[in-house]
Every structure is written in structure tokens, then in C-alpha cells.
Amino acid sequence: MPKDDALDRELVRQRVVEWFSRHRRDLPWRRSTPWGVVVSEFMLQQTPVSRVLGPWQEWMDRWPEPDDLAAEEPGAAVAAWGRLGYPRRAQRLHRAARTISELHDGQVPRELDQLRALPGVGQYTAAAIHSFAFGGRAVVLDTNIRRLLVRVEHGREFPPVSATAQEWREAEAWLPEAPAEAAAWAAASMELGALVCTARSPRCGDCPVAELCAWRAAGYPRHDGPPRKGQAWHGTDRQCRGVILDLVRQNPDGVRVELALDAWADREQAERSLAGLLTDELVREREGLLVL
DNA sequence: GAGTCGTGGGC
DNA sequence: TGCCCAAGACT
């Protein structure tokens, strides 16, 4: 590794953090509690900020502390999740609340290993909570930061499909030693990736590190690695599950099994999908009726 | 490690 | 219009 890399990183960090001080969004969970951060991180998994704002506020009004959610039945969480998508996140968040209530005296734990042990909390989310909620030092590596780093440092348009061990090592190398600086870098680099260094139509004219960027220096070469496959949707079990779950969600008093199966043209697929929802306990059967 | 798991909006 | 993408986790 060339000797001047460290200097470049420090300069990049300074500029990004300074940019953040002037352009950071006033997102409600940034002036909330650790529990508010937890709720936001679950909701933001694979879901844009714009769609999370409303549901996050509703959840915080209804369940301002982990104990409040823990006292509910899981179906209440799935119902309140609405159309945010990936409803098992609601189920996992409810289970996380119960774990926090039972094992941590109702207080969101601070340490990475304790966070990582919560249902639905992976490597990214644990680091994000530790950093954003507690100001701790953790390698926060999400899709925004991965894209920013691969462009600035390696001159490529997109990172690999899934985060590699090499990426985690490199992200660690970017992390300042002081916890407060590390947390600032995490928030700032993620924000820059989300607002400026975007996947499509990046706004390099607004970027504080454009003149330091390897991707820009290389003339913005297009992605040439393996194709970044989009997820199939039409006709998938996932779409079918979504249709059935939405029907149950809209009928709080319950839906007859036959009616739910009729909501999807392919009978065999409908049966398989409903069985999956029941196995996942996203839907339950009570007296012949499907309920959340 | 590749597959699975929702939903909506921008281009 | 269809495709791509969005603060991933889990198996």
C-alpha cells in the first residue's frame, strides 16, 4: 500500500465530514433514542428513507420503548408494518423488543455482540446501532458506503453483489480511531453515498471529494463485472405471499382460507405460499380464519 | 454462498 | 413500460 494512501483517506474523511455538517438531513431518528434508532434501522433495511418516515413516527408514538412493543402480540407488529415490505422484519423487530425487555432490562444494549445477538440484527445493523445510537466505533458498511468507497478508492462504478471480507477490511482501514470521529465518518459517508454518490446519475458536481475520486479520474468506467441481477418478481412465490398477506392485513377479523387461496390464479402456488406464511408465523389460523 | 424474502418510486 | 434500486438478514 503506497505511503500516501493514509493522507488521502484523511483528506477524504475531512471533506466528507465537513460536507455532512452542511448537508445532513434532519431525519427524526437522528434526534431520537437508541430504541428509535433500532426501529429506524429495521425499517430502512432495503427500504428508502421516504417510505420509512411515516411508519417510523407511528411506531414511536405507539411503542415509545422496547417494553411497549414487547407487551404486544407479534401480529400487532406485522399489522402495523403495513406495506413497508419484508414483513418478517416486523416480526424480528418484535422479537428483538422482547429480547431487549427480557435480557437487557428494557434498555437497548450498546455492545456489538449483544446487538448482533438480537433477531434481525446482522453485522451492518449492529454496527449502525452502536455507532448512530451510542456514538461508538464500529465498521458500518452498507450499500451507500460500499459504493462510495469502491468509487473513490478503486475507481469502479459498483462494488461486488454482496459485501466481501476484503471490503470489510478496507472499510476498517477507513475508520478513525477515536469513537466520535468514527461515528461521524460512518454517518457522513453513508449520507454522501445516499445523496450524492448515488447508484444512478451521481451528482459529482456536488461532491466534496470529486477531485480525489479514482472513478472520476479513470473517466467513469462502466461496471464490467458479473451482471448485477435484479430480483424476479412477477409470478414468484414472493408476489403471491404479498397478495395473501395483504388480504389478511386488510381484514382484521380474519379471512377464510378458501378466499385467500382464490386471490391467486395458480392454486398450487397459492397453497405453497400460504403454507410458507403459516410456517413463518406471519399468518396464523384461528377457527378456520386466517389472521395476523 | 447463492436464494429467498415485499413494496413502491424514479428514470 | 419495464427495469433498477432502496441504511440487509438469514439459511
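Numbers restart at 1 for each chain; the letters A, B, ... are given by sequence-line order, proteins then strands.
Nucleotides of DNA chain C lying under 4.0 Å from heavy atoms of chain A occupy a range whose first and last members, 5' to 3', are dC4(C) to dC10(C).
Residues satisfying the side-chain contact (heavy atoms from CB on, under 4.5 Å) test with E167(A), not counting sequence neighbours, are L141(A), R146(A), P159(A), P160(A), A163(A), T164(A). For R286(A), there are no salt bridge (Lys or Arg N to Asp or Glu O under 4.0 Å) partners two or more places apart in sequence or in a different chain. Looking at residues two or more places apart in sequence or on another chain, you find a side-chain contact (heavy atoms from CB on, under 4.5 Å) between T99(A) and L103(A), L118(A), P119(A). For R25(A), the side-chain contact (heavy atoms from CB on, under 4.5 Å) test picks out L27(A), R30(A), V49(A), E191(A), A194(A), L195(A), with sequence neighbours left out. Under the side-chain contact (heavy atoms from CB on, under 4.5 Å) criterion, A260(A) pairs with I244(A), L247(A), V255(A), L290(A), sequence neighbours left out.
Hydrophobic side-chain contacts under 4.5 Å tie Y220(A) into a cluster, directly or through other members, with W215(A). Counting side-chain heavy-atom gaps under 4.5 Å among Ile, Leu, Val, Met, Phe, Trp and Tyr, the cluster of V243(A) also holds W264(A). Hydrophobic side-chain contacts under 4.5 Å tie V161(A) to no other Ile, Leu, Val, Met, Phe, Trp or Tyr residue.
Near DNA chain C, defined here as any heavy-atom distance below 4.0 Å, the residues from residues 136-148 of chain A are D142(A), T143(A), N144(A), R147(A), listed numerically. The stretch residues 176-196 of chain A does not touch DNA chain B, since none of its heavy atoms comes less than 4.0 Å from the strand.
Below 30°, between 30° and 60°, or above 60°: for H130(A) and F134(A) the angle between ring planes is between 30° and 60°, a tilted geometry.
Side-chain contact between D68(A) and P64(A) is present, with heavy atoms from C-beta onward closer than 4.5 Å.
Counting non-hydrogen atoms under 4.0 angstrom, A199(A) reaches the backbone sugars and phosphates but no base. If you check every strand for non-hydrogen atoms under 4.0 Å, V121(A) touches sugar and phosphate atoms only. Nucleic acid contact class of W81(A) (heavy atoms, under 4.0 Å, all strands): none.
Each of L118(A) and S40(A) lies near DNA chain C, and the nucleotide nearest S40(A) is the one positioned closer to the 5' end.
The residues D224(A) and R156(A) are annotated as not salt-bridged, no charged nitrogen and carboxylate oxygen being separated by less than 4.0 angstrom. Between R137(A) and E177(A) there is a salt bridge, with a side-chain nitrogen of the basic residue lying less than 4.0 Å from a carboxylate oxygen of the acidic one.
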TODO: Encode nucleotides 5-11 of chain B as B, S and - characters from 5' to 3', where the letter depends on protein heavy atoms closer than 4.0 Å: B to the base, S only to sugar-phosphate, - to neither.
DONE: BBBSBB-
